[in-house]
Amino acid sequence: MPPAGVLADPALRAHSQLDGVDDATWVEVIRKMDEVYSQLVADEVALEQKNAELEQSQRFVYGLLAAMSDVLVACDEHGRIEQTNAALCDLVGRADWALAGTPMAGLLADDAAVQRLRATLAGIGRGGANVELELRDAAGQPVPVDLNVTPRRDARGRCIGHVFVGRPLGELKRAYHQLREAHEALKRTQQQLLHSEKMASLGRLVAGVAHELNNPISFVLGNVHALQRYCVRLRRYLDALHGGAGAAELDALRGELRIDAMTADLPSLMEGTLEGAQRTADIVQGLKRFSAIDREERTRVDLAAVVERAVHWVCKGTAPAFVVHWQPPAEPLEVSGSAGQLLQVLMNLVQNAYDAAAGRPGIVPQLWIGAETDARHIRLRLRDNGPGIPPEQLGHLFDPFFTTKAPGKGTGLGLSISYGIVEQHGGRLDAANAPEGGAEFTLELPRSG
Ligand SMILES: Nc1ncnc2c1ncn2[C@@H]1O[C@H](COP(=O)(O)OP(=O)(O)OP(=O)(O)O)[C@@H](O)[C@H]1O
Ligand SMILES: [Mg+2]
C-alpha cells in the first residue's frame with residue numbers, strides 16, 4: 001500500500017498527474033524505497049554486530065600482545081613499524097603510537113646492526129631466519145636481542161612485511177647460567193651418590209677380604225711363633241754340642257728339648273707357613289684383577305670368574321651361612337667390559353639375595369645361579385629362596401634410593417647403579433618373581449666379539 005500521506009496530498013497528486021506519472025507507479029516507487037530502507041536497517045545491525053566482534057578480537061589480540069614477555073615488532077614491506085607490543089615498548093622506552101610508522105632501523109643501536117638486518121631480510125626464506133641484533137634500550141644502551149624474523153603474507157601469498165619476535169639475550173644468558181649451575185649441582189650430587197655406592201660396594205669387598213686374609217695370616221703367625229720357640233731349643237742343643245758336652249749329657253738334653261719331635265715337625269711347619277703365604281699372595285692376586293672398579297677399561301671378562309668372585313666375597317664378608325648353587329657351564333662365558341664394574345653388579349645381586357633370604361626362621365638362605373647362552377648373548381639367572389618382591393614394588397626396584405632395608409643397611413642405590421652399568425655394557429637387567437617362589441634377577445650381556 002502507498003503511504004496514505006502521498007495519495008491524500010492533492011498537490012502531489014496533481015503534480016504527479018502533471019508529470020504523467022500515475023498513482024500505481026508512485027506506490028511501486030514508495031514500496032521499493034521501503035524495501036531498500038529495511039535492507040539498510042538490517043545491514044546496519046549486521047555491521048554493528050560485526051564491528052562488536054571485530055573489537056572483541058582486536059582486544060584479544062592486544063591482550064595477547066601485552067601479555068607476551070618476548071618483544072614483537074611487525075613491519076610493512078618498506079621496513080616501517082606497524083605494530084609493537086608492551087615488552088618492546090618497555091625495552092626501548094617509547095610508546096606504541098610513537099613508534100608506528102617509523103623505520104625499524106631506528107630501533108637499532110648502530111650501523112652494523114642495520115647492515116645485519118638488511119642482510120637477513122635479503123636472504124630470508126619462507127621459513128624465516130634468526131638474527132642477533134643490538135637494539136637501543138630506554139637508557140640509550142645497546143642491548144643484544146635474539147630475534148626470529150618471519151615474512152608476513154597477504155591472502156595471495158605476497159610478502160607484505162616482516163614480524164620480529166625475540167628476547168633480550170641478557171635474560172636468556174641469565175636463565176642459561178642458572179640452568180648450567182643447576183646442572184652442575186645435579187652432576188656433583190650424582191657423583192657423590194656414585195661414590196657412596198662404590199664405597200658401600202668396596203666396604204663389602206673389604207669385609208670379605210679381611211675375613212679371607214685372617215685365616216692364612218693367623219696360621220702363618222702361629223707357625224712362626226712355634227719356629228721361634230724351636231730356635232731357642234735348637235740353639236741350646238747346638239751350644240752344648242759345640243761346647244764339648246759328653247754323649248750322655250747330650251742324650252739327656254736331646255730328650256729334654258724334644259729335639260727329635262721338633263725336627264719331625266719342622267717340614268710340616270715350613271709347609272704350612274709357605275701355604276699360608278701362598279694363600280695370601282693368591283688373595284692379593286685375585287684382588288688385583290678386580291681392583292679396576294674405577295677404571296673404564298674394556299677388556300675380555302670371564303663372567304663365570306666374576307660370579308665366583310662375587311659369591312666368594314659376599315659369603316666371606318657378610319653371608320657365611322649362604323648356600324649358593326653355581327655350576328658354570330663348560331663353554332666360556334666371555335663378555336667385553338669392566339671386570340670391576342661387573343663384579344660390583346654381581347656382588348649387589350648376591351648380597352640382595354642373601355639379605356632377602358636370610359632371617360626367615362627355619363630356612364637356610366639359598367641362591368641358585370644358572371647360565372644360558374645363545375649366539376649373541378649370555379644370560380645369568382639368580383633365584384633366591386627369599387620372600388620374593390611384592391608386585392607393587394616391582395616397578396620401583398631400579399629407582400635410585402628405593403630400599404626396604406633398615407636405615408644404615410642399604411642405600412637403595414645398588415640396583416639403580418647396576419642397571420646403568422649393565423646398560424653401558426649393552427645388556428639388560430630384569431627383576432621378577434620366580435614361579436617356585438623367591439625373586440629372580442636376569443642379567444643379560446652381549447658375548448664378547
Ligand atoms: N632378591 C631380592 N628379593 C627381594 N627384594 C629384593 C631383592 N633384591 C632387591 N630387592 C629389593 O630392592 C631394593 C633395592 O635394592 P638395591 O640393591 O637397589 O638397594 P639396597 O640393597 O636396599 O641398598 P644397597 O644395595 O645400596 O646396599 C631392596 O631394598 C629390596 O627391597
Ligand atoms: Mg643392594
Side-chain angles (χ1 to χ4, degrees), residues 189-209 290 293-294 306-307 309-326 340-361 363-371 379-425 427-444:
T189 321
Q190 198 190 22
Q191 284 301 322
Q192 283 164 0
L193 288 180
L194 278 174
H195 185 70
S196 71
E197 172 58 23
K198 255 179 213 158
M199 291 313 284
S201 162
L202 211 62
R204 281 198 284 267
L205 199 64
V206 168
V209 173
F290 292 100
I293 266 189
D294 268 323
V306 177
V307 172
R309 288 274 112 189
V311 171
H312 181 81
W313 292 128
V314 172
C315 292
K316 287 289 171 200
T318 53
F322 202 18
V323 180
V324 180
H325 309 267
W326 159 242
Q341 288 184 342
L342 292 174
L343 179 70
Q344 188 178 345
V345 171
L346 274 148
M347 276 180 69
N348 183 54
L349 290 176
V350 175
Q351 182 72 52
N352 280 354
Y354 175 75
D355 292 344
R360 304 179 83 203
I363 295 176
V364 177
Q366 292 187 70
L367 173 66
W368 291 265
I369 307 178
R379 221 165 289 112
L380 290 181
R381 287 187 204 281
L382 295 93
R383 177 172 67 83
D384 58 57
N385 65 342
I389 303 153
E392 68 277 11
Q393 288 179 6
L394 264 175
H396 299 292
L397 289 198
F398 298 100
D399 291 354
F401 301 116
F402 177 82
T403 181
T404 53
K405 294 175 188 171
K409 292 276 177 200
T411 60
L413 286 171
L415 283 178
S416 93
I417 287 173
S418 300
Y419 194 91
I421 292 176
V422 174
E423 234 181 18
Q424 276 173 16
H425 281 75
R428 286 175 45 184
L429 183 59
D430 292 310
N433 282 310
E436 308 91 317
E440 183 173 81
F441 283 80
T442 309
L443 168 63
E444 185 183 275

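Each ligand, and each atom within it, is numbered from 1 in the order the structure gives.
- Among protein heavy atoms, atom 27 (O) of ligand 1 sits closest to Gly410 CA, 3.5 Å.
- Closest heavy-atom approach to atom 17 (O) of ligand 1 within the set Asn352, Thr403, Leu349: this belongs to Asn352.
- Proximity of Ile389 to ligand 1, defined as any heavy-atom pair under 4.0 Å, is confined to the side chain (atoms from C-beta onward).
- The closest protein non-hydrogen atom to atom 23 (O) of ligand 1 is Gly412 N, 3.0 Å.
- Between Arg379 and Thr442 the shortest side-chain heavy-atom distance falls below 4.5 Å.
- Among all non-hydrogen protein atoms, the one lying nearest atom 18 (O) of ligand 1 is Leu415 N, 2.7 Å.
- Residue contacts with ligand 1 for Asp355 are absent, since no atom lies close enough (heavy atoms, distance under 4.0 Å).
- Counting all heavy atoms, side chain and backbone alike, Ala371 lies closest to Trp326 at CB-CZ3, 4.2 Å.
- Ranking the protein heavy atoms by distance from atom 26 (O) of ligand 1 puts Thr411 OG1, 2.3 Å first.
- Each of the following atoms of ligand 1 lies closer than 4.0 Å to a heavy atom of Ala439: 1 (N), 2 (C), 3 (N).
- Residue contact annotation: Thr403 places no N/O/S atom under 2.8 Å from the Mg ion (ligand 2).
- Minimum heavy-atom separation, Gln341 to Ile421: CB-CG2, 3.7 Å.
- Of all heavy-atom pairs between Lys405 and Asp355, the closest is NZ-OD2, 2.9 Å.
- Proximity of Ala357 to ligand 1 is not established, as no heavy-atom distance is less than 4.0 Å.
- The option with the heavy atom closest to atom 31 (O) of ligand 1, from among Val350, Asn433, Thr404, is Thr404.
- Between Leu397 and Ala431, the closest heavy-atom pair is CD1-CB, 3.7 Å.
- For the Mg ion (ligand 2), the set of nearby N, O or S atoms under 2.8 Å includes none belonging to Gln351.
- Summary of contacts: the protein heavy atom closest to atom 10 (N) of ligand 1 is Leu397 CD2, 4.4 Å.
- Below 30°, between 30° and 60°, or above 60°: for Trp368 and His325 the angle between ring planes is below 30°, a parallel geometry.
- Considering Leu382, Leu367, Asp384 only, the shortest heavy-atom separation from atom 1 (N) of ligand 1 involves Asp384.
- A distance of 6.0 Å separates CG of Leu443 from CG of Leu429, quoted to the nearest 0.5 Å.
- Among Gly386, Ser418, Gly388, the residue whose heavy atom lies closest to atom 4 (C) of ligand 1 is Gly388.
- If you look at Phe441 next to ligand 1, the close heavy atoms, those under 4.0 Å, all belong to the side chain.
- Phe402 O, 3.1 Å is the protein heavy atom nearest to atom 14 (C) of ligand 1.
- The protein heavy-atom contact nearest to atom 21 (O) of ligand 1 is Lys405 NZ, 2.5 Å.
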